[in-house]
Amino acid sequence: MGVSRATDQAFDFHMPVVVVGAGAAGLTAALAARDAGAEVLLLERDPHPRGSTSMSQGYACAAGTKIQREQGIEDGSETFFADIMARTKGTADPVVARTVADNAGETIDWLVERHAIPFRLNISWAGFFGHSVNRMHGVPSRTGEELHGSLIRAAEEAGVTLVTGAHVDEVYADADGTVRGVRIQRRDGGVEKVGCDALVLTTCGFGANHEMVRKFIPSFGTAPYYRYFGHEGNDGEGIQWGVELGGALGCMDAYQGYGALAEPYGIIVNYDMVMQGAITVNTLGERFSNENADISAQALNILRQPDGIGWIIFDDERRALVEDLPEYRELASLGAVRTAETSDALAALIKVPADALRRTLDDVERLTKGEITCPFGRDFTRHPPLSGRLHALKTTGALFHTQGGLKVDAGARVLREDGTPLPNLLAGGGTACSISGNGVDGYLPAAGLATAITLGRLAGATAAGLAAA
Ligand SMILES: Cc1cc2nc3c(=O)[nH]c(=O)nc-3n(C[C@H](O)[C@H](O)[C@H](O)COP(=O)(O)OP(=O)(O)OC[C@H]3O[C@@H](n4cnc5c(N)ncnc54)[C@H](O)[C@@H]3O)c2cc1C
């Protein structure tokens, strides 16, 4: 199944705008199309929309928002654009980078004011991983579940027709790439064909398609430690349809890794405590990286350690930063957090050499006092030393989300190799080329959702315009 060029399709019904995939990108696309007055059909393969959006921590980076201004944070699209280009060493797609830098702030304001999405600035990530100011907008619980639930509620209130259990498996198009409609497979085996004037692809990336990962990200896809932790629906269908329709691809080797996934629970460990002074050691009891250099590339640093394991070591002060979060509470209730009064007792609990862990912690204390220099380049002097009883969480690294995809213009229209737009095909979120340049280390934290909601909104507005024309 893929793209069918048969020109004699009879459709069961017609909708001006069809959006495929009800994650953050699809829901914002549908909201924007509704706001522009279009009738929208949003199709989701799962019985209840989850996607990577629900699995995420729900943060989206955006510059120049009202929320930032209320908190006295000076930020704007130029600063954001410069941060994107610096993080990616100039390799980010300049059109998408500019589009996200210019429009993410307005998108957050629009979602807050018009659709009551409860964004706020609830963590302070200025100066970490490439954001020069705090522009991390999240929902109160700091979970993607809450963000996703709020977007679904807003879509229902706005009159979006959301059909779940509806797997799109074929796109009908003319020879010039004009999309005429899609075919839906229902869970009961039923099949429907829907005609449309504009099609928005928001099926996300290809992390769940190991064949595509091997092809486009061979350094990770063929590594013995390969591990994916995103939604199984991110199997690259939308990207493949876009290519069959004539679309060009950008930055296909880019991906978001994460270096703190609780093992074997598959639950995210919030990185705040590492950013504020916790450390990660391997099973030899030794640090092996600057834990705060790059949260995405830290995934590879951990996966290259013995058994692909890193133990995050923290104290009560660092634990207090995250202990009220749902993920941490779940980990604690599962017995994942090991606690001991001394370094030797903790080493025995987590089965690492006691003398090595003691040496590591002694070194960290000296690092916080500025007596020695970190061999990996981390600055410990801005945090108080780890003290009192100690805790440990076993973690590993994983690929969370691919960042390459269909090339789009500033209105989220899918582009051909020659730079001209396809007639009525749009893409957003993980289906589109993101702002992460190449490889694993161009990912700015919260760029995934920033791209999803920004390109989603632009795609919805453009689709509504095309449908009305
Ligand atoms: C564990 C984890 C944590 C993360 N944390 C963050 C974070 O805090 N901040 C951030 O910016 N990014 C984060 N990310 C990345 C972020 O989740 C994604 O960038 C974002 O959710 C992408 O949104 P989307 O709408 O493109 O995709 P999704 O949310 O995956 O939605 C795509 C939807 O399309 C549906 N679909 C697929 N194919 C079809 C089809 N053929 N027919 C019908 N429906 C289909 C899928 O079922 C899915 O519901 C995280 C990712 C993971 C995995």
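Residues: numbered from 1 along the sequence shown. Only a predicted model underlies this, so the values are computations on that prediction, with no experimental measurement involved. For ligands, and for the atoms within them, numbers begin at 1 and follow the listed sequence. Keep in mind that the numbers below use all heavy atoms, side chains included, and drop hydrogens, waters and symmetry copies.
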Restricting to pairs with a member in residues 10-36, which pass ring-ring contact (aromatic ring centres under 6.0 Å, His included), not counting sequence neighbours? Phe11-Tyr172

Please find the pair of heavy atoms, one from Thr178 and one from Pro423, that lie closest to each other, and give the distance. OG1-CG, 3.4 Å

Ring centres of Phe216 and Phe206 under 6.0 Å apart? yes

Between Tyr255 and Tyr443, does the ring centre distance come in under 6.0 Å? no

Using the side-chain hydrogen bond (donor to acceptor under 3.5 Å, both in side chains) definition, which of the options His167, His231, Arg187 pairs with Asp46? His231

Quick one: closest heavy-atom pair of Gly437 and Thr88, and the distance? N-CG2, 3.6 Å

With hydrogens left out, which residues have an atom under 4.0 Å from ligand 1, given that only heavy atoms count? Val20, Gly21, Ala22, Gly23, Ala24, Ala25, Leu43, Glu44, Arg45, Asp46, Gly51, Ser52, Thr53, Met55, Ser56, Gln57, Gly58, Tyr59, Ala166, His167, Val168, Thr202, Thr203, Cys204, Phe229, Gly230, His231, Gly233, Asn234, Glu237, Trp241, Gln256, Ile268, Phe400, His401, Gly429, Gly430, Tyr443, Ala446, Ala447, Gly448, Leu449, Ala452

